[in-house]
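Written below as C-alpha cells is the structure these notes are about.
Just so it is clear: chains get the letters A, B, ... in the order the sequence lines come, proteins before strands, and each one is counted from 1. Keep in mind that what you see is a predicted model, and the values were worked out from it rather than measured.
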Amino acid sequence: MSHLSEQEIIRRNYLEEIRSMGIDPYPHAAFPVNMHAADIKDGFAINPENFTSVTLAGRLMMKRIMGKAAFAELLDCTGKIQIYLNRDELCPTEDKSLYNTLFKKLCDIGDFIGIEGYAFTTQTGELTVHVRSFHFLAKSLHPLPVVKVDADGKVHDAFLDPEARYRKRYVDLIVNPFVKDIFVKRAKLISYMRRYFDDHGWLEVETPVLQSIHGGAAARPFKTHHNALDMPLFLRIANELYLKKLIVGGFDGVYEFGKMFRNEGMDRTHNPEFTSVEIYIAYKDYIWMMEMVEDMLEKVIAQINGTCESQIGDNLINFRKPYRRLSMFEAIQEYTGFNVEGKSEEELRIFCKSKHIELDDSMGKGKLIDEIFGELVEEHLIQPTYITDYPIEMTPLAKKHRSKEGLVERFELYINGKEIANAYTELNDPIDQRQRFEDQLRLAERGDEEAMVLDEDFLQALEYGMPPTSGLGIGIDRLTMLITGQEAIQEVLFFPQMKSVKE
RNA sequence: GAUCUGUUAGCUCAGUCGGUAGAGCAACGGCCUUUUAAGCCGUGGGCCUUGGGUUCGAGUCCCAAACAGAUCACCA
C-alpha cells in the first residue's frame, strides 16, 4: 500500500474519528437481522402491519442529506431499499452527534450499517424504512464505483470494464445486480441437476484431482509434484476412468461434479479450470442416455428460468424434449450436400480443399470428417441437437457401433452452435480397450501431444468385468452460459483466470 | 500463438492542427425536516499504463513493453 488517494486518506481519518467517539468501527457482536430488503418490497403492500419493526443490515450505497433529515440507500443480500433518518427522532437529547457526526460525516458509501425501524411509503411513493436506531457495523476504506439507475431504467456511470470487473469481482457483485443473478442461476443449475440424479438413486462421488496418469480425455495437463512421495502428479483433465472403476466396483449409477484442468489456450469459451459433471449408469446405452439428458435439461431449465426457453444473442433456444437426432454423416450431408460415407481419404481431402479447410498430412479419415463437421456444420446447430455415431479413431473409450462399421456409439449435444455434452456407450471389452490405447500410443509417437495415455490399472479394472454402461459429461460453465444468456465464460466464473499484474 | 482496438481523477468518459489537463458523479466546505440519476451553492483532486525516441515543446506523433477486450488458431 504505497500511495493512498485523497479519498482513501479521508476514510482512514474517519475510521479514527469513529474510534475517538467511543464507537468500534468493526464491532464483534452479532447484529439481530430479522428482515431483508426484498421481504419488505414483497410483503409491505399486502400486510403493512408485519413491518412495524424491521431490523436490517447492509452497505450504505447512497446518501441524500437535507439538513435535519436524510434519505439513504441500504444494500443487503437481496437488493437495495431506501431508509429515512430524522435527526431529532434519532437523537432526542441535546447530543446530536449520532446523526450529525457519525451518520452525516463519518459514514461513507460502502460502509456497513445496521438499522431498526418501520416501513412506510414516502410522498413520492418510494417504499422506505423509517430508522429508529442506527448502528455502525464495518468501515469501508475504498470508494466504490457509484452506479445509478434513473426512472427510465437507464444506467449512469456503469461499472462495465471487463478487466476491472473480473479482477475485483466483489466490487462487480456489489455494484452490478445482474452479476449476482447469473451466479444464483449457476448454483440452482447444479443443485437441481444433483437433485434429479439423487432422485433416480444415483450416488454422488468424489475421485482424485491429483492423478499419476492423466487419463480419460485428449488434452494437455498441468503438471505438479508431490514432495513426500517425490513423484510427478497431474491435475486431472477428466475423471472418466475413476468413475468407471466405481461401476466395476458395483455401483449402478455414479456422478461427480468437479473441476477439470487443461493446460491450453484461454478465450471467451475456455478457462484453464472448468466444471463438469460426469455420470455413469450401468445397464444403459447411449440411446437411453439421450432420453435421460433431454428429460433432465427440460425439467431443470424450467425450474430455473420458469420456462424451457433461453435467449442468447439473437437466438431463442427451446429446451423442450425431444431433441433432434442426426448422425454425424447425416448432419454433414444436410449442411454441405456432401456424403462422406464410403469416401476414401483422398476424396475427403479434395472436398476439404474445395471448402478451404486447413489440413495437415497426419490427418486420417476420422480426423478429416471431424474437421468437415467442425468447420461447416457445428455453427448451424442452434436448437438442441444430438449428433451421433462418430469415427472410431477420435474416440478410444467408446464402444464400437453395434451395426455401423468404423464408428462408435457416441453422441454430442450441440446447442447454439457449441458442444454442451458428450456421451458414449462405454467400451467394456478389455481386449478392445487395450488395442485402442495402443492405437493412441502410436499417435503419441507420431507427435500427437494430446493422445491418450495407456492406463494399466484401468485396463485391469475392465478385465475384472464392467457391466454394459453409458457415460455422459456436461460442461457446467457452458450450460450456465446458455441458461443465463452469456457469451463469455468469464461471466459465469466468479474468478476467471487472469494474468498477474506486474507492480 | 497471430491480428486489430483500448489504457487520462475513486468511477464513467471528453481532450481539436503537438503549445503547462477537462466534465458529470464521488470527495471536501456551506445551506437545507419526505428526497430520488445527482437537493442547492462552492472548493480541492492527475506518474495522462510503463520505457525509449522525434521536437524548442508530447496525453496527442514514432518504436518497444505490460495488461485487457474483440477476431482467429487449439480445445470443452
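The phosphate of A68(B) has neither OP1 nor OP2 within less than 4.0 Å of any side-chain N or O from Arg165(A). OP1 or OP2 of U33(B) has not a single side-chain nitrogen or oxygen of Arg87(A) nearer than 4.0 Å. Taking 4.0 angstrom as the limit, Lys148(A) places none of its side-chain polar atoms (N or O) nearer than this to OP1 or OP2 of A37(B).
Across the P atoms, C17(B) and C31(B) are found 47 Å apart, a figure rounded to whole Å. Straight-line distance between the P atoms of A27(B) and C62(B): roughly 40 Å, to the nearest whole Å.
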Which atom pairs link the protein and nucleotides 34-36 of chain B when you take only N or O atoms and keep those under 3.5 Å?
{"from": "U34(B)", "atom 1": "O2'", "to": "Gln123(A)", "atom 2": "OE1", "distance (Å)": "2.6"}
{"from": "U34(B)", "atom 1": "O2'", "to": "Gln123(A)", "atom 2": "NE2", "distance (Å)": "3.2"}
{"from": "U34(B)", "atom 1": "O2", "to": "Gln123(A)", "atom 2": "N", "distance (Å)": "3.4"}
{"from": "U35(B)", "atom 1": "O2", "to": "Arg64(A)", "atom 2": "NE", "distance (Å)": "2.7"}
{"from": "U35(B)", "atom 1": "N3", "to": "Gln82(A)", "atom 2": "OE1", "distance (Å)": "2.9"}
{"from": "U35(B)", "atom 1": "N3", "to": "Gln82(A)", "atom 2": "NE2", "distance (Å)": "3.1"}
{"from": "U35(B)", "atom 1": "O4", "to": "Gln82(A)", "atom 2": "NE2", "distance (Å)": "2.2"}
{"from": "U35(B)", "atom 1": "O4", "to": "Thr122(A)", "atom 2": "OG1", "distance (Å)": "3.2"}
{"from": "U36(B)", "atom 1": "O2", "to": "Arg64(A)", "atom 2": "NH2", "distance (Å)": "3.3"}
{"from": "U36(B)", "atom 1": "O4", "to": "Thr124(A)", "atom 2": "OG1", "distance (Å)": "2.2"}

Output a table of nitrogen or oxygen pairs between the protein and nucleotides 3-6 of chain B separated by less than 3.5 Å.
none

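No side-chain heavy atom of Pro384(A) sits less than 4.5 Å from a side-chain heavy atom of Leu297(A).
Residue-to-nucleotide contacts include no donor-acceptor pair under 3.5 Å from the side chain of Glu6(A) to the base of A27(B). In terms of polar N and O atoms assigned as donor or acceptor, the side chain of Asp157(A) never comes within less than 3.5 Å of the base of C13(B) in a complementary pairing.
In secondary-structure terms, RNA chain B builds stems of at least 3 consecutive Watson-Crick or G-U pairs, each pair having both distances under 3.5 Å, at B:1-7 with B:66-72, B:10-13 with B:22-25, B:27-31 with B:39-43, B:49-53 with B:61-65.
Residue-environment remark: CD (Glu94(A)) stays at or below the threshold of 12 foreign heavy atoms within 6.0 Å.
Within 4.0 Å of Lys96(A), counting heavy atoms only, lies no atom of the nucleic acid at all.
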